[in-house]
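Input: a single structure, listed below in structure tokens.
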Amino acid sequence: MARISIDLKNGDLANQASETIIGIDLGTTNSLVAYVIEGKAVAVKDNKNNKTLVPSILHLKEESGFVVGAEAHEMLVTDPANTIYSVKRLLGKSYHDLESVQTILGYEVIDDGSESLVKIKVRNKFYTPTELSAEILKALKIRVEAELGSTVSKAVITVPAYFNDAQRQATRDAGKLAGLDVLRIINEPTAASLAYGLGQKDEQIIAVYDLGGGTFDISILQIQDGVFEVLATNGDTFLGGDDFDRLIVDFWRKEYQLSDSKIFSGKSAGQRLRLLAEKAKKHFSSENTFQSNLDGTEFMLTKQQFEQLITPLVDKTIDCCRQALSDAKLETKDIQHIVMVGGSTRVDFVKQRVGAFFKKTVYDNIDPDEVVALGAAIQADILAGNQKDVLLLDITPLSLGIETMGGLMDTIIPRNTKVPSKAGRQYTTSIDGQKNLKIAVFQGERDLVTNNRKLGEFVLRNIPPMPAGLPKIEVQFIINADGILKVKAKELRSGTEQAIDIKPTYGISEEDMGRMLLDSIQNASSDMAARAILEAKNEANHILLSTDKFLEQNDSVLSDLEIEEIRSLQSNLKSASDGNDKDLINSAIQQLNDYSAPIAHKVMDLVIRKAMKGQKV
Ligand code: AMP
């Protein structure tokens with residue numbers, strides 16, 4: 001057997017625990033960077049404006065390259081053509097995915113014909129969303145390095161739970177371009193839950209309600225032994241606090257009969273009115289009425305009017321929550337906690353409505369703008385090895401496989417395989433007409449599955465009836481960079497398939513793993529003997545079944561003596577395989593084979609001759 005020492009825990013990372021690993025929330029509207037210091041997660045402030053939020057906006061200057069954040073935000077009004085926002089909406093997207101997005105963006109998204117992923121044209125040059133996201137990440141990296149006074153090179157970056165592989169990969173690539181080794185991509189709702197310390201306790205189900213500036217997401221997560229599983233997501237990619245502002249603006253335009261010519265002159269008129277609306281909205285976190293003069297017009301709004309205006313939008317988010325619950329086959333009573341994320345969850349009315357729907361008080365005492373980045377920083381700290389009780393691995397610590405005939409472990413991904421990794425093997429059925437096949441997934445080094453750890457199982461159904469041994473069932477194990485194992489089974493002739501996702505590190509401590517490895521070494525010789533017996537029994541079983549079939553089909557051509565002798569050798573094998581003497585079983589197999597093989601040949605010849613009768617060759 002290969003290495004046995006248990007130096008498995010993030011070998012290369014542990015050595016560099018002194019380097020701070022940062023957590024990044026790369027948002028559609030705003031981004032943030034955070035890190036853990038003395039056990040506490042903190043978001044990094046900009047020393048110019050003392051804010052933790054960095055607007056996810058880029059402006060390309062004529063000569064000096066990109067500026068990011070607040071400075072670029074200002075250019076949104078004065079030089080919109082060279083200012084890019086919401087680039088996250090384009091990450092990992094091809095031109096086919098784009099129609100709905102392109103219409104809302106003020107800059108030029110083009111198809112230069114060279115490849116299928118979108119590009120953005122700024123000052124006659126083409127940039128991919130990945131390159132632009134990298135610019136935002138670089139700005140965050142510079143910000144945190146200035147605060148720490150040292151360089152950083154490793155990060156955890158968050159993405160929405162619904163991001164597909166292409167979008168996750170694009171985020172990873174952006175990190176790489178920014179000079180960051182992205183140790184892990186984690187889901188935003190998972191990060192938010194980590195920030196609230198959810199995940200260490202017993203099994204629980206939580207809802208993460210994320211209402212930002214332009215998007216809404218609801219995620220239902222199941223947490224078990226520190227492992228987060230997304231049960232359902234729902235949302236609206238074009239619903240957020242910016243829509244609240246728009247509704248206020250529309251209301252005022254009607255209320256004060258403002259036409260564009262009557263109110264404000266100049267390019268930024270609409271923008272200024274929108275900013276006033278946003279101010280009014282934020283005002284209602286502490287006050288009940290808003291009043292302000294802008295260019296001679298007195299703008300007024302009450303909190304009640306505001307709540308009336310936004311009711312249809314808040315209703316829409318509640319509908320999404322209802323749908324997510326139904327997709328997860330859950331009811332509101334199954335949800336233990338509700339975590340609030342995103343600036344727009346500061347709106348009292350939103351909190352009340354969400355709390356009323358789930359019939360629980362929501363978690364809102366961490367800044368909803370920072371909560372995701374803080375959670376990412378906590379995940380980073382775990383990876384740095386600073387949180388000892390949490391296990392995270394970059395290689396498979398134990399072998400992964402499935403149960404085959406007789407309870408034997410058939411390893412598909414051996415231990416110490418670097419993740420991500422993919423492996424597969426073909427299997428078949430052992431009974432004629434078998435319609436269902438149970439795939440039971442195990443982890444461990446022992447030969448018998450009963451001594452290993454069961455991770456899960458599923459049934460591949462609707463295999464078309466075929467003789468035993470004919471179906472070709474391909475079982476694939478795919479373990480991704482985040483340690484999630486996907487097991488897929490497919491019957492190749494009919495195409496029927498089934499899959500499950502498993503987290504192999506789920507609820508297993510390093511100590512348990514060490515013990516499992518030690519057990520496998522101590523029991524190696526008895527395991528080998530047990531495997532040999534089981535393999536002999538499997539073989540005996542197979543031969544007994546096929547001999548039965550042979551007798552049944554060839555009853556008319558066999559002599560009574562032959563039938564009697566075969567039956568006696570069969571019964572001999574049967575009683576041997578009831579015992580545990582491998583040699584006895586193998587010798588009984590041999591005897592049956594020796595006697596029946598020549599008879600089988602003879603029968604075969606007879607059948608062929610019969611078939612050829614009357615045919616010219
Ligand atoms: P995010 O995308 O999570 O950064 O959220 C930004 C959104 O939160 C914007 O629409 C802001 O106007 C909104 N927001 C920030 N603070 C408040 C507040 N106190 N009350 C209402 N909305 C707010």
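Each ligand, and each atom within it, is numbered from 1 in the order the structure gives. In what follows, every heavy atom counts, from backbone to side chain, and hydrogens, waters and symmetry copies are set aside.
- The protein heavy-atom contact nearest to atom 21 (C) of ligand 1 is Val347 CG2, 3.4 Å.
- Annotation for Glu145: atom CD counts as buried by contact number, over 12 foreign heavy atoms lying within 6.0 Å.
- Taking any N or O of Ser344, backbone or side chain, at least one lies under 3.5 Å from an N or O belonging to ligand 1.
- Partners of Asn187 according to the side chain to side chain contact (heavy atoms under 4.5 Å, CB included) rule, which considers only residues two or more places apart in sequence or in another chain, are Val159, Ala161, Arg168, Pro189, Thr190, Val230.
- Between Trp252 and Phe299, the ring planes lie tilted relative to each other; the angle falls in the 30° to 60° range.
- Remark: ligand 1 atoms within the under-4.0 Å shell around heavy atoms of Gly342 are 3 (O).
- The distance from ligand 1 to the heavy atoms of Asp242 drops below 4.0 Å at these ligand atoms: 10 (O).
- In this structure, Lys351 places its NZ atom where more than 12 heavy-atom neighbours from other residues, nucleotides or ligands lie under 6.0 Å away.
- Surrounding CD of Glu255 are more than 12 heavy atoms belonging to other residues, nucleotides or ligands, all under 6.0 Å away.
- With no hydrogens or angles considered, a side-chain donor-acceptor pair links Glu19 and Ser153 at under 3.5 Å.
- At the shortest separation from atom 22 (N) of ligand 1 among protein heavy atoms lies Lys281 CE, 3.4 Å.
- Taking the six-membered ring where the residue is Trp, Phe244 and Phe306 present perpendicular rings, their angle passing 60° and hence far from 30°.
- Between Lys329 and Asp334, no side-chain nitrogen of the basic residue sits less than 4.0 Å from a carboxylate oxygen of the acidic one, so the salt-bridge criterion is not met.
- Below 4.0 Å from some heavy atom of Gly212 lie the following atoms of ligand 1, by number and element: 1 (P), 2 (O), 3 (O), 5 (O), 7 (C).
- Each of the following atoms of ligand 1 lies closer than 4.0 Å to a heavy atom of Ser285: 18 (C), 19 (N), 20 (N).
- In terms of protein heavy atoms, atom 14 (N) of ligand 1 is closest to Gly343 O, 3.5 Å.
- Atoms of ligand 1 found under 4.0 Å from any heavy atom of Thr29, numbered from 1 in the order shown, are 2 (O).
- For atom 6 (C) of ligand 1, the nearest non-hydrogen atom of the protein is Gly213 N, 3.7 Å.
- For Phe66 and Tyr127, the ring centers sit closer than 6.0 Å to each other.
- Taking atom 15 (C) of ligand 1 as the reference point, the nearest protein heavy-atom neighbour is Arg346 NH1, 3.4 Å.
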Could you pull out all donor-acceptor pairs under 3.5 Å where a side-chain atom in residues 30-40 meets a protein atom, sequence neighbours excluded?
unit_1 : atom_1 : unit_2 : atom_2 : d
Ser31  : OG     : Gly27  : N      : 3.2
Ser31  : OG     : Ser56  : OG     : 2.8
Tyr35  : OH     : Glu147 : OE2    : 2.9

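- Ranking protein heavy atoms by distance to atom 4 (O) of ligand 1, first place goes to Asn30 ND2, 2.9 Å.
- The ligand atoms of ligand 1 that sit less than 4.0 angstrom from a heavy atom of Glu278 are 11 (C), 12 (O).
- Listed by atom number, the atoms of ligand 1 under 4.0 Å from Gly241 heavy atoms are 10 (O).
- Of all atoms in ligand 1, listed by their number and element, those nearer than 4.0 Å to a heavy atom of Asp369 are 1 (P), 3 (O), 4 (O), 5 (O).
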